[in-house]
Amino acid sequence: MKIAIIGGSGRAGREISAELARRGHQVTAISRHPENAVQDAGITAVAGDVNDAAALSALLAGHDAVVSAVMFADTDPASLVGAVRASGVARYLVVGGAGSLEVAPGVKLIDTPEFPEAYKAEAGRGGDFLAYLRGVEDLDWTFLSPSALFFVGDRKGTFRLGTDQLLVDGEGHSSISYADYAIALADEIETPKHSRQRFTVGY
C-alpha cells in the first residue's frame with residue numbers, strides 16, 4: 001500500500017513510518033523537517049505544512065491511506081480533514097491522545113486531579129478533534145488513542161486493545177511504547193476493524 005504520514009518526522013510518525021516500511025509498504029513521510037524522517041528505501045521524505053491545505057492535499061493524492069501524527073495544538077480539524085477529503089483518499093487514521101479516554105463512566109482522564117496541567121491544552125484539543133471526526137461521515141476514519149504514558153521504548157509486539165476506556169495494567173499503570181503503538185496502527189491499516197471509531201492500545 002501507499003501510505004502518507006503527516007508529521008512523519010515526529011516520534012510517533014517515525015515509528016509508524018519504520019513499521020510500515022518493515023512490512024513492505026511505500027511510505028511518504030510529510031513534515032516541515034523531512035531531513036529528520038527515517039532513512040529507509042521504503043520511505044520518501046517530503047516537505048509539507050499542515051496549515052497549507054491546498055499543498056497538503058496535493059501531496060496526499062494517490063495514496064491508499066493517510067495517517068495524521070501531528071500535535072493537535074498545531075492543527076485545525078476542519079482544515080486537516082478538508083485537505084484529506086480534497087485529496088480523494090478515503091482512509092484516514094489519526095494518532096490520538098489519552099486525555100479523552102474514560103477512567104470511569106462519564107469521567108475523562110483529562111478531568112482527573114492527577115492530569116498534568118502542562119498537557120491539558122493539547123489533550124483538550126485532541127478531544128475536540130475526536131468530537132469533530134465523529135461528525136465526519138464521508139471519510140473512513142479511525143482515531144487511535146495511546147495509553148496515558150506514551151514513551152520511547154522497545155518493540156515488544158504484545159499489547160491489549162480497548163475502546164473508549166483507559167487501559168490499566170494490574171499495577172495501575174497505563175502505558176504503551178511508540179514502537180508497539182505503531183504495530184497496532186499498522187495492523188489497523190492492513191486489516192481495518194475500527195471504521196469511524198476510536199480505539200486505544202496499552203500494555
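Residue Leu59 is grouped with residue Leu139 when hydrophobic side chains (ILVMFWY) are merged at heavy-atom distances under 4.5 angstrom, including chains of intermediate members. Under the 4.5 Å side-chain heavy-atom criterion for ILVMFWY residues, a single connected hydrophobic cluster contains both Val94 and Val66. Note on Ile3 and Val89: separate hydrophobic clusters, where clusters join Ile, Leu, Val, Met, Phe, Trp and Tyr whose side-chain heavy atoms are under 4.5 Å apart, directly or indirectly. Put simply, Ile6 and Val38 are part of two different groups of oily side chains (I, L, V, M, F, W, Y) that touch within less than 4.5 Å, one to the next. Cluster membership check: Leu185 shares its hydrophobic cluster with Val152, using side-chain heavy-atom separations under 4.5 Å among Ile, Leu, Val, Met, Phe, Trp and Tyr.
In this structure, Arg23 pairs ionically with Asp187, as a charged nitrogen and a carboxylate oxygen lie closer than 4.0 Å. Salt bridge present: Glu188 and Arg91 bring a charged side-chain N and a carboxylate O closer than 4.0 Å.
Residue pairs that meet the ring pair (Phe, Tyr, Trp, His ring centres under 6.0 Å) test with at least one member in residues 95-136, sequence neighbours left out, are Phe72-Phe129. For residues 151-192, the set of pairs meeting the ring pair (Phe, Tyr, Trp, His ring centres under 6.0 Å) definition, not counting sequence neighbours, comprises Phe150-Tyr178, Phe150-Tyr181. Legend: ring pair (Phe, Tyr, Trp, His ring centres under 6.0 Å) pairs involving residues 1-50, not counting sequence neighbours: none detected. Among residue pairs with one or both ends in residues 63-76, none qualify as salt bridge (Lys or Arg N to Asp or Glu O under 4.0 Å); sequence neighbours excluded. Pairs of residues two or more places apart, or lying in two chains, that qualify as salt bridge (Lys or Arg N to Asp or Glu O under 4.0 Å) and include a residue from residues 156-167 are Arg134-Asp164, Asp164-Arg198.
With Ser177 contributing its side chain and Asp154 its backbone, the two residues share a donor-acceptor pair below 3.5 Å. A donor-acceptor pair under 3.5 Å is formed between the side chain of Ser17 and the backbone N or O of Gly13.
Here the CG-CD1 distance, from Leu60 to Ile30, works out to 5.0 Å after rounding to the nearest 0.5 Å. Rounded to the nearest 0.5 angstrom, Asp128 CG and Thr75 OG1 are separated by 10.5 Å. The distance from atom NE2 of His63 to atom OG of Ser87, rounded to the nearest 0.5 Å, is 9.5 Å. The structure places OG1 of Thr200 at 8.5 Å from CG of Leu161, a figure rounded to the nearest 0.5 Å. Leu167 CG to Ser175 OG: the interatomic distance, rounded to the nearest 0.5 Å, is 10.0 Å. Rounding to the nearest 0.5 angstrom, the gap separating the OG1 atom in Thr158 from the CG atom in Asp180 is 6.5 Å.
Partners of Ser79 under the side chain to side chain donor-acceptor pair (under 3.5 Å) rule, at least two apart in sequence or in another chain, do not exist in this structure. Residues passing the side chain to side chain donor-acceptor pair (under 3.5 Å) test with Asp140, sequence neighbours excluded: Ser195. Legend: residues meeting side chain to side chain contact (heavy atoms under 4.5 Å, CB included) with Gln197, ordered by chain and number and at least two apart, are His194. Checked against side chain to side chain donor-acceptor pair (under 3.5 Å), Arg155 has the following partners two or more places apart in sequence or in another chain: Glu19. Residues passing the side chain to side chain contact (heavy atoms under 4.5 Å, CB included) test with Gln26 are Lys2, sequence neighbours excluded. Val103 is linked by a side chain to side chain contact (heavy atoms under 4.5 Å, CB included) to Val107, Leu109, Thr112, Leu166, counting only residues two or more places apart in sequence or in another chain.
More than 12 heavy atoms of other residues, nucleotides or ligands shown are found within 6.0 angstrom of CG on Asp138. At most 12 non-hydrogen atoms from other residues, nucleotides or ligands lie less than 6.0 angstrom from CD of Glu137.
Applying side-chain contact (heavy atoms from CB on, under 4.5 Å) to Ile16 and the options Ile5, Leu93, Ile183, Val27 leaves one that passes, Ile5.
Between Thr163 and Leu101, the shortest heavy-atom contact is O-CD2, 3.9 Å. Contact record, Gly127 with Ser100: CA-CB, 4.1 Å, taken as the closest heavy-atom pair. Pairing each heavy atom of Ala184 with each of Val201, the nearest pair is CB-CG2, 3.9 Å. In plain terms, the two heavy atoms of Val136 and Arg85 that are nearest each other are CG1-NH2, 4.0 Å. The two residues Ser145 and Gly97 come nearest to each other via the heavy atoms OG-O, 2.7 Å. The minimum heavy-atom distance between Ser31 and Gly8, with the atom names listed, is CB-N, 4.1 Å.
Side-chain contact between Leu80 and Ser68: present, with at least one pair of heavy atoms (C-beta onward) separated by less than 4.5 Å. The closest side-chain heavy-atom distance from Tyr203 to Leu149 is not below 4.5 Å.
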Take Arg125 and Glu122 through the salt bridge (charged side-chain N to carboxylate O under 4.0 Å, His left out) test and state the conclusion after the steps. CA-CA 5 Å; Arg125 291 288 295 273; Glu122 174 68 12; over 6 Å; no
For Val67 and Ile189: C-alpha separation, side-chain torsions, deciding distance, then whether side chain to side chain contact (heavy atoms under 4.5 Å, CB included) applies. CA-CA 9 Å; Val67 176; Ile189 292 173; 3.8 Å; yes
Residue pair Trp141, Val81: steps toward the side chain to side chain contact (heavy atoms under 4.5 Å, CB included) verdict: CA-CA 10 Å; Trp141 61 266; Val81 170; over 6 Å; no
Return a table of donor-acceptor pairs under 3.5 angstrom between the side chains of residues 40-49 and protein atoms on other chains or two or more places apart.
| residue | atom | partner | partner atom | Å |
| --- | --- | --- | --- | --- |
| Asp40 | OD1 | Gly42 | N | 2.7 |
| Asp49 | OD1 | Asn51 | N | 2.9 |

